[in-house]
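Every chain is numbered from 1 and lettered A, B, ... according to where its sequence line falls, protein lines coming before strand lines.
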2 protein chains.
Amino acid sequence: MVSFQQSMQHIRNYYYSEAQMIGSSFPRRFISQTYKNSFSKPRSNAAEIKLLAAKKHSEAEKRRRMRINGQYDTLRNILPNIIKKDKATVLVETIKQVKELRKKVSKLEVDGPKEVKFPSGADRLNLVKCNGEEGIVKATFSCEDRPELMSAIARALGSVQANVIKAEMMTLGGRTRSVLWVQGLGDEGLGKLKSTLKVVMHKPTFRMRHFTQ
Amino acid sequence: MVSFQQSMQHIRNYYYSEAQMIGSSFPRRFISQTYKNSFSKPRSNAAEIKLLAAKKHSEAEKRRRMRINGQYDTLRNILPNIIKKDKATVLVETIKQVKELRKKVSKLEVDGPKEVKFPSGADRLNLVKCNGEEGIVKATFSCEDRPELMSAIARALGSVQANVIKAEMMTLGGRTRSVLWVQGLGDEGLGKLKSTLKVVMHKPTFRMRHFTQ
DNA sequence: ATGTACACGTGACCC
DNA sequence: TGGGTCACGTGTACA
């Protein structure tokens, strides 16, 4: 609702600041007269102080608006496939996005990744610290499939003091991709595991070679 | 900036609507007089139309504000651990949340779920359609570990016409947990796989029993 | 007293 | 043209 003070403030603001800045056909004298006559408020220090305060106020409000609108802009940028860029739509789409992402996360947390990683055609070995905090190392490698591969890997793992938390293997077209989650592996153990796995990947052990031929 | 029209609009608004609703000591007659005298604008149809339009306008603007603020409220509700509830903060936290969730999703998509599911102590079998659209079935089961389990599972899978897209096994304390992603399985094949796996879980095949004893 | 945050009505602008 | 969106300055309440 528009209060009386609000209306008066508009008049005061117009008279004291705006009228001097912008040329206007507004009958300035009339307003100042009526203003003074009806309320007997002289153009005093108090009035000027009030106007200064109003200026500060509007500037602060502008800063607030800019802060908020800046966030709207970043939202508009990070939102995918946004057509209508108006504020309400941005918020609605953002909410949709958050809910969607949360659903996705909870699904991925129980189901695991949807898309399947196939064995690489070239021999590859990769060790990465999975999540720094827990000392879990994830070893991924692709190599030629052969019957004794499993036990060769087991032997390689036995040579370093560490626990295999989880393992995953996939075989396709004579190639095998393996992922091992290893826990409690020092930096030296990590290097040892890496070189041992490299050997396992490329040359069959002597006993197994006999077995396959 | 405050324009002349704006100031006048405040006065008109005050005079025509507010003054009647709220009792006020404001010199109403004075304003209406000066208004009429200085611009010779009678309280005509045109003026009333203008006021009606202004009312519609402000009401529409209020609806717009409510729409936006409603979205703010839902954001405040779905945001976790929000302390400051002011608009700018809500937007900032929302942006943070979206980025965080996206990072989480991309990490889960490559690494898989962080927390490891251990083999259940009790024998369990569970088949779920992983993502309806692709006809992939995820078969999860925990059972006692034994040497021929692998080949028994392979035989069970061979009895239904379907491809194993991916497999995951974990053994801990004599128990094994297996997850199989099977593709191209009809509803009848699903039932068959389920019963076959149930058998595999509980009783070793004849050949393998000989091997283990 | 000082600042922060919000709702409001309004002028401007764009289909 | 109106219907919708925005920025603005202001009133007001709260700390």
Side-chain angles (χ1 to χ4, degrees), chain A residues 1-22 24-26 31 35 45-73 75-76 82-93, chain B residues 1-22 24 26 31 35 46-76 82-94:
Chain A
M1 290 303 177
V2 178
S3 65
F4 164 56
Q5 289 84 354
Q6 199 167 354
S7 299
M8 281 303 99
Q9 187 56 44
H10 274 276
I11 294 181
R12 283 201 299 276
N13 191 67
Y14 173 75
Y15 175 67
Y16 284 118
S17 64
E18 195 75 4
Q20 290 117 4
M21 294 164 58
I22 307 178
S24 165
S25 59
F26 185 79
I31 283 224
Y35 183 73
N45 286 338
E48 290 178 2
I49 286 174
K50 237 180 149 97
L51 288 180
L52 201 70
K55 186 148 207 116
K56 290 292 169 205
H57 184 29
S58 80
E59 281 170 351
E61 181 64 14
K62 183 168 182 67
R63 280 196 300 274
R64 173 176 169 270
R65 278 195 301 266
M66 286 178 60
R67 225 166 42 236
I68 293 177
N69 288 339
Q71 304 306 322
Y72 274 106
D73 282 339
L75 273 179
R76 278 184 255 259
I82 187 88
I83 312 132
K84 287 194 67 192
K85 296 281 201 180
D86 83 271
K87 292 184 177 181
T89 306
V90 167
L91 292 187
V92 170
E93 291 300 316
Chain B
M1 290 304 174
V2 177
S3 66
F4 163 56
Q5 287 85 353
Q6 201 165 353
S7 299
M8 282 302 98
Q9 188 55 44
H10 275 278
I11 294 180
R12 282 202 300 276
N13 192 67
Y14 172 74
Y15 173 67
Y16 283 117
S17 65
E18 195 75 4
Q20 290 115 6
M21 295 166 57
I22 307 177
S24 166
F26 185 79
I31 283 224
Y35 183 75
E48 289 178 3
I49 286 174
K50 239 182 145 84
L51 289 180
L52 201 70
K55 186 150 206 115
K56 291 291 169 205
H57 184 28
S58 80
E59 282 170 351
E61 181 66 12
K62 183 169 181 68
R63 282 195 300 274
R64 172 177 169 269
R65 278 195 301 265
M66 285 178 61
R67 223 167 41 241
I68 293 176
N69 287 340
Q71 305 307 322
Y72 274 106
D73 281 339
T74 75
L75 273 179
R76 280 184 255 258
I82 187 87
I83 312 132
K84 285 196 68 191
K85 296 280 201 180
D86 84 270
K87 292 184 178 180
T89 306
V90 167
L91 292 186
V92 169
E93 291 301 315
T94 302

Are any of [X]'s side-chain N or O atoms less than 4.0 Å away from OP1 or OP2 of [N]?
| X | N | answer |
| --- | --- | --- |
| Lys85(A) | dC14(C) | no |
| Asn69(B) | dA7(C) | yes |
| Lys55(A) | dG9(D) | no |

With [X] via side chain to side chain contact (heavy atoms under 4.5 Å, CB included) - residues at least two apart:
| X | result |
| --- | --- |
| Arg64(B) | Lys87(A), Glu61(B), Arg67(B), Ile68(B) |
| Ser58(B) | none |
| Asp73(B) | Arg76(B) |
| Lys56(A) | Glu59(A) |

For [X] and [N], what is the distance between atoms [atom1] and [atom2] respectively, to the nearest whole Å?
| X | N | atom1 | atom2 | answer |
| --- | --- | --- | --- | --- |
| Asp86(A) | dG3(D) | CG | P | 18 Å |
| Leu51(B) | dG11(C) | CG | C1' | 15 Å |
| Lys87(A) | dT5(D) | NZ | P | 11 Å |
| Leu52(B) | dT10(C) | CG | P | 13 Å |

Legend entry - Any donor-acceptor N/O pair, Thr89(A) side chain to Lys85(A) backbone, under 3.5 Å: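 A pair under 3.5 Å: no.
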Inset, instruction - Look up atom CG in Asn69(A) and atom CG in Leu75(A), then write down how far apart they are to the nearest 0.5 Å. - result: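 Asn69(A) CG to Leu75(A) CG: 11.5 Å, rounded to 0.5 Å.
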Legend entry - With Glu93(B) via side chain to side chain donor-acceptor pair (under 3.5 Å) - residues at least two apart: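 Glu93(B) satisfies side chain to side chain donor-acceptor pair (under 3.5 Å) with Lys96(B) once adjacent residues are dropped.
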Legend entry - Axis deviation across the helix from dT2(C)-dA15(D) to dC15(C)-dG2(D), five-pair ends, to the nearest 10°: 0°
Inset, instruction - Return the residues of residues 56-67 of chain A meeting this criterion: a heavy atom under 4.0 Å from some atom of DNA chain C. Order them by number, or give none. - result: His57(A), Glu61(A), Arg64(A), Arg67(A)
